[in-house]
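Take a look at the structure set out below.
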Amino acid sequence: RLDLRGGYGTDVKDGDQWIGWGSLGLTGFIEDGLAIRGELNAAQISQLEGSEQGIGFSLLFEWHFIQRATWSVYLDGGAGVLFTTDDVPATGSNFNFTPQAGLGFTADLHDEMRLVLGVKWHHISNANTFSENPGRDHVMVYGGLSLPF
C-alpha cells in the first residue's frame, strides 16, 4: 500500500516548540494483522532559536490488534534517522534518530482507499553519538490516506 501522511506535534517540555511532519510510505502485511512500513519523511521543526527543516527515513511495524471488515485499530512503533539544516535541539546535532510509538485507526473510504488517523510519541535525539544529546519529545497527531499499490 502507498501511504501519504501528515502530522503535527508539540514538544512536551515546551509547548511553544512544535514539529510538522509529512511522509510518503510503503506498507506491506507480512502476516495477518502485522505490517511493516518504510517512510520517507520531511519535517519543519520550530525551536526557540528559529526553525529548521529536515529529511529522513523511518521503518515502523503496525500490529492491527482489532480488525473488522471496514476498519482496524493498531499499535505501531519503530525508528528512523533525521538530517536537519541545523542542530535539533539547538544544543544537539543535525543528525538524529527518531524512535516513535503510537496508536492508530484505519477506515475504508472508497475502493480500498483507507483513512488513517493516529496519535504517537515521537522522539528526536542523537543517541549520544555527539558530545551533547539533549533530545526532544513530541506528542503528535497525524492523518492520511492509504492506497492500493
Side-chain angles (χ1 to χ4, degrees), residues 1-30 33-67 71-109 113-147 149:
R1 300 191 64 88
L2 178 67
D3 295 311
L4 305 167
R5 298 183 185 191
Y8 175 84
T10 57
D11 189 306
V12 297
K13 294 177 195 161
D14 185 345
D16 291 334
Q17 298 185 88
W18 53 266
I19 183 171
W21 195 268
S23 69
L24 174 64
L26 291 176
T27 300
F29 280 83
I30 54 179
L34 183 62
I36 186 169
R37 184 174 70 252
E39 297 179 336
L40 294 175
N41 306 302
Q44 180 74 29
I45 303 163
S46 165
Q47 304 191 105
L48 299 176
E49 300 77 11
S51 184
E52 307 303 333
Q53 293 77 43
I55 59 170
F57 175 80
S58 298
L59 186 63
L60 300 119
F61 290 91
E62 293 179 352
W63 173 43
H64 293 255
F65 62 95
I66 299 176
Q67 298 179 68
W71 59 274
S72 70
V73 178
Y74 66 89
L75 294 171
D76 72 346
V81 293
L82 179 66
F83 301 90
T84 52
T85 52
D86 205 349
D87 294 347
V88 175
T91 57
S93 63
N94 68 342
F95 171 76
N96 286 288
F97 297 95
T98 57
Q100 51 202 289
L103 176 69
F105 170 80
T106 69
D108 283 351
L109 293 176
M113 179 187 300
R114 295 181 72 80
L115 174 68
V116 179
L117 300 171
V119 62
K120 66 179 164 180
W121 161 76
H122 183 270
H123 180 74
I124 299 175
S125 78
N126 62 41
N128 289 317
T129 57
F130 292 81
S131 59
E132 298 287 328
N133 183 34
R136 280 181 59 166
D137 290 293
H138 305 97
V139 174
M140 182 181 290
V141 294
Y142 64 90
L145 296 174
S146 180
L147 310 163
F149 186 76

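Since the structure is predicted, the reported quantities are computational estimates derived from the model, not experimental observations. Just so you know, these numbers use all the heavy atoms, side chains as well, and skip hydrogens, waters and symmetry mates.
Applying the side-chain contact (heavy atoms from CB on, under 4.5 Å) test to Leu145 and every residue at least two apart in sequence or in another chain returns Leu109, Met113. Listed by chain and residue number, Trp63 satisfy the ring pair (Phe, Tyr, Trp, His ring centres under 6.0 Å) test with Phe65 (two or more places apart in sequence, or in another chain). Phe29 meets the ring pair (Phe, Tyr, Trp, His ring centres under 6.0 Å) test with His64; sequence neighbours excluded. Residues forming a side chain to side chain donor-acceptor pair (under 3.5 Å) with Asn128 (at least two apart in sequence, or on another chain): Asn133. Partners of Trp71 under the ring pair (Phe, Tyr, Trp, His ring centres under 6.0 Å) rule, at least two apart in sequence or in another chain, do not exist in this structure. Under the side chain to side chain donor-acceptor pair (under 3.5 Å) criterion, Asp108 pairs with Arg114, sequence neighbours left out. By the ring pair (Phe, Tyr, Trp, His ring centres under 6.0 Å) test, Phe97 pairs with Phe95, sequence neighbours left out. Ser146 meets the side chain to side chain donor-acceptor pair (under 3.5 Å) test with Arg1, Asp3; sequence neighbours excluded.
Atom NZ of Lys120 is separated from atom CD of Gln100 by 4.0 Å, given to the nearest 0.5 angstrom. Of the inter-residue distances, the one linking Leu60 atom CG with Thr98 atom OG1 reads 8.0 Å to the nearest 0.5 angstrom. Note: Thr27 OG1 to Leu2 CG = 8.5 Å, rounded to the nearest 0.5 Å. Taking CG from Asp76 and CD1 from Ile36, the interatomic distance works out to 12.5 Å, rounded to the nearest 0.5 Å. Summarising the geometry, atom CG belonging to Leu82 is positioned 5.0 Å from atom CD1 belonging to Ile45; distances are rounded to the nearest 0.5 Å.
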Pair Leu48, Gln17 - check side-chain contact (heavy atoms from CB on, under 4.5 Å), show working. CA-CA 7 Å; Leu48 299 176; Gln17 298 185 88; 4.0 Å; yes
Before you tell me yes or no, could you show the steps for Phe57 and Leu40 under side-chain contact (heavy atoms from CB on, under 4.5 Å), namely the whole-Å CA-CA distance, both residues' side-chain angles and the distance that decides it to 0.1 Å? CA-CA 5 Å; Phe57 175 80; Leu40 294 175; 4.1 Å; yes
Evaluation steps, side-chain contact (heavy atoms from CB on, under 4.5 Å), between Val116 and Arg5: CA-CA 8 Å; Val116 179; Arg5 298 183 185 191; 3.7 Å; yes
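The heavy-atom pair separating Asn126 from Asn96 by the smallest distance is N-OD1, 3.0 Å. Minimum interatomic distance between His138 and Gly9 (heavy atoms only, all atoms of both residues): CD2-O, 4.3 Å. For the residue pair Pro134 and Pro89, the shortest heavy atom distance occurs at CG-CG, 3.7 Å. When all heavy atoms are compared, the tightest approach of Gly135 to Ser125 is CA-CB, 3.8 Å.
For residues 38-47, the pairs satisfying side chain to side chain donor-acceptor pair (under 3.5 Å) are Trp18-Ser46, Trp21-Asn41, Arg37-Glu39, Asn41-Ser58, Gln44-Ser51, Gln44-Gln53, with sequence neighbours left out. Residue pairs meeting the salt bridge (charged side-chain N to carboxylate O under 4.0 Å, His left out) criterion with at least one member in residues 126-147, sequence neighbours excluded: Asp11-Arg136.
Within a 6.0 Å sphere centred on CD1 of Ile55, other residues, nucleotides and ligands contribute 12 heavy atoms or fewer.
Put simply, the side chain of Asn94 does not reach to within 4.5 Å of the side chain of Val88, judged on heavy atoms. Using a 4.5 Å heavy-atom threshold, the side chains of Val12 and Thr10 count as separate. Taking the side chain as every heavy atom from C-beta outward, Ser23 and Tyr142 never approach each other to under 4.5 Å.
Looking only at atom types and distance, the side chain of Glu52 has no donor-acceptor partner in the side chain of Thr84 under 3.5 Å away.
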